[in-house]
Chemist: 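Once you've had a glance at the structure underneath, I'll fire off some questions.
None of the values given here were measured: they were computed from a predicted structure.
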Amino acid sequence: MNQEIKLLVLDIDGTIAGKSNQIHAKVKKAIQAVRAKGIQVAVATGRMYRSALRFHHEIGSTLPLLAYQGAWIQDPATQKMHRHWTVAKQTAIQLLDYFEQPELRSLLSVHFYINDRLYVRELTSETRLYSERSGIEAIAVGDLRQALTTEPTKVLALCDDTEIIDNLLSSLRQQYTPAELYLTKSVATFFEATNPSINKGVGVRYLAEELLGITAANVMAIGDNFNDVEMLEYAGIGVAMGNAPSDVQAIAQWVAPSVEQNGVAVAIEKFLL
């Protein structure tokens, strides 16, 4: 058991929730055991705040919730907003112009997240599936420029063809420096853009150092995708799931079994109980 760890940070999709979109009883039990030892538990997700709330409550977290890769950090108990960093309106329009090129337009479902609501051009089959899984109503507005009354927290492009998403990521990484936009994939079919100052690593550091007064050595983080990399690198113990891409597994200190094999419970038992 690691005596050092005071904070356990968990991603949701592919980490504590698999195909069923629920937290398995075994994983819940392991998280309860961690909390019983006095270790704090927090959620760090690419999901919307309102979509992540039920997981936050289910694991019994008393800390602020990190949503949108850490661009939105809010305490559900007090409603206090600790951080909300957005994408510049001009940048959002540039991204939209790019996504709406004739050769891409029909292939992508574009999501704008504004004030924790989801705006789309139209309800595509990908968007419907996304809405079902996240329990969020998508608001179809036709031209997304109409929805930009204020800066979005996140811009997402969905496509079933993972090659298109990979190409999107590499070509937009050539257009925008890391100082201009944070670009990542949370799953193979999701391209995500957020404020350049944030990622889950920055968010977890804020929780640990600013709020709890602990250091990276006191943090264990578990995740399964590219948007978890910074958080896994920051944490004293960074654990990748068995279902994580090999590049993500390569930067972790340990690789747990997959989400469907309750890998989080196995990792918790190994390091914390």
Chemist: Does Ile5 offer a backbone N or O that forms a donor-acceptor pair with the side chain of Asn218 under 3.5 Å?
Modeler: no

Chemist: Is the shortest side-chain heavy-atom distance between Leu212 and Leu63 below 4.5 Å?
Modeler: yes

Chemist: Identify whether Val110 and Leu181 are in the same connected component of the hydrophobic contact network (ILVMFWY, side-chain heavy atoms under 4.5 Å).
Modeler: yes

Chemist: Can you confirm whether more than 12 heavy atoms, excluding those of Lys28, are under 6.0 Å from its NZ atom?
Modeler: yes

Chemist: I need the Ser134 OG to Ile12 CD1 distance, nearest 0.5 Å.
Modeler: 10.5 Å

Chemist: Drop me the distance from Trp72's CH2 to Tyr113's OH, to the nearest 0.5 angstrom.
Modeler: 13.0 Å

Chemist: Same cluster or not: are Val9 and Ile222 linked, directly or through other Ile, Leu, Val, Met, Phe, Trp or Tyr residues, by side-chain heavy atoms under 4.5 angstrom apart?
Modeler: no

Chemist: I want to check something: taking the side chain as every heavy atom from C-beta on, are Glu260 and Met241 in contact at a cut-off of under 4.5 Å?
Modeler: no

Chemist: Can you tell me if Glu180 uses its side chain to pair, donor with acceptor, with the backbone of Thr177 under 3.5 Å?
Modeler: yes

Chemist: I'd like to know if the side chain of Asn21 and the backbone of Arg133 have a donor-acceptor N/O pair within less than 3.5 Å.
Modeler: yes

Chemist: Looking at Pro178 and Pro196, what are the two nearest heavy atoms and their distance?
Modeler: O-CB, 3.2 Å

Chemist: Is Phe271 reachable from Ile268 through a run of I, L, V, M, F, W or Y residues, each pair having side-chain heavy atoms under 4.5 Å apart?
Modeler: yes

Chemist: Ignoring hydrogens and geometry, is there a side-chain-to-backbone donor-acceptor pair from Gln74 to Gln79 under 3.5 Å?
Modeler: yes

Chemist: Got a donor-acceptor contact below 3.5 angstrom from the Lys29 side chain to the Ala265 backbone?
Modeler: no

Chemist: If we only count heavy atoms from C-beta on, is the Asp166 to Lys185 side-chain gap below 4.5 Å?
Modeler: yes

Chemist: Once you measure the plane-to-plane angle for Tyr130 and Phe190, does it fall in the parallel (<30°), tilted (30-60°) or perpendicular (>60°) bin?
Modeler: tilted

Chemist: Does a side-chain heavy-atom distance below 4.5 Å link Ser131 with Thr127?
Modeler: yes

Chemist: Which atom names give the shortest non-hydrogen contact between Pro76 and Pro64, and what distance separates them?
Modeler: CD-CA, 4.4 Å

Chemist: Is a donor on one side and an acceptor on the other found under 3.5 Å between the side chain of Ser61 and the backbone of Val41?
Modeler: yes

Chemist: So, Gln261 side chain and Ala256 main chain: donor-acceptor pair closer than 3.5 Å or not?
Modeler: no

Chemist: Judged by atom type as modelled, is there a donor-acceptor pair below 3.5 Å linking the side chain of Asn243 to the main-chain atoms of Gly14?
Modeler: yes

Chemist: Tell me, yes or no, whether the heavy-atom count around Arg117 atom CZ, taken from other residues, nucleotides or ligands under 6.0 Å, exceeds 12.
Modeler: no

Chemist: Sequence neighbours excluded, which residues qualify as side-chain contact (heavy atoms from CB on, under 4.5 Å) partners of Asp161?
Modeler: Cys159, Glu163, Ile164

Chemist: Donor-acceptor pairs under 3.5 angstrom involving side-chain atoms of residues 100-107: please list them, not counting sequence neighbours.
Modeler:
residue	atom	partner	partner atom	Å
Glu100	OE1	Arg145	NH1	3.2
Glu100	OE1	Arg145	NH2	3.3
Gln101	NE2	Tyr98	O	2.9

Chemist: For Ala244, is there any backbone N or O sitting under 3.5 Å from a side-chain donor or acceptor partner on Gln249?
Modeler: yes

Chemist: Do Val259 and Val43 sit in one hydrophobic cluster, given that two such residues count as connected whenever their side-chain heavy atoms are within less than 4.5 Å of each other, even indirectly?
Modeler: yes

Chemist: What distance separates His56 NE2 from Leu10 CG, expressed to the nearest 0.5 Å?
Modeler: 12.0 Å

Chemist: Does anything in residues 222-241 pair up under side-chain hydrogen bond (donor to acceptor under 3.5 Å, both in side chains), and if so which pairs, sequence neighbours excluded?
Modeler: Thr15-Asp224, Gln69-Asn227, Tyr182-Glu230, Lys200-Asp228, Glu209-Tyr234

Chemist: So does Lys89 have more than 12 non-hydrogen atoms from other groups sitting under 6.0 Å from NZ?
Modeler: yes

Chemist: Hey, what do you get for CD1 (Ile165) to OG1 (Thr189), rounding to the nearest 0.5 Å?
Modeler: 6.5 Å

Chemist: Short question: side chain of Asn199, backbone of Gly201 - any donor-acceptor pair under 3.5 Å?
Modeler: yes

Chemist: Supply the atom-to-atom distance Leu272 CG to Arg35 CZ, rounded to the nearest 0.5 angstrom.
Modeler: 14.0 Å

Chemist: Nearest 0.5 Å please: distance from the CD1 atom of Ile198 over to the CD1 atom of Ile73.
Modeler: 8.5 Å

Chemist: Would a hydrophobic clustering, with Ile, Leu, Val, Met, Phe, Trp and Tyr connected at side-chain separations under 4.5 Å, put Phe55 with Val264?
Modeler: yes

Chemist: Find out whether Phe226 and Leu169 are in side-chain contact, i.e. whether some heavy atom of one side chain is under 4.5 Å from a heavy atom of the other.
Modeler: no

Chemist: Any salt bridge between Arg50 and Asp116, counting N to O under 4.0 Å?
Modeler: yes

Chemist: Would you check if Met48 and Tyr68 make a side-chain contact, meaning some heavy-atom pair closer than 4.5 Å?
Modeler: yes

Chemist: Are any non-hydrogen side-chain atoms of Phe191 and Leu172 less than 4.5 angstrom apart?
Modeler: yes

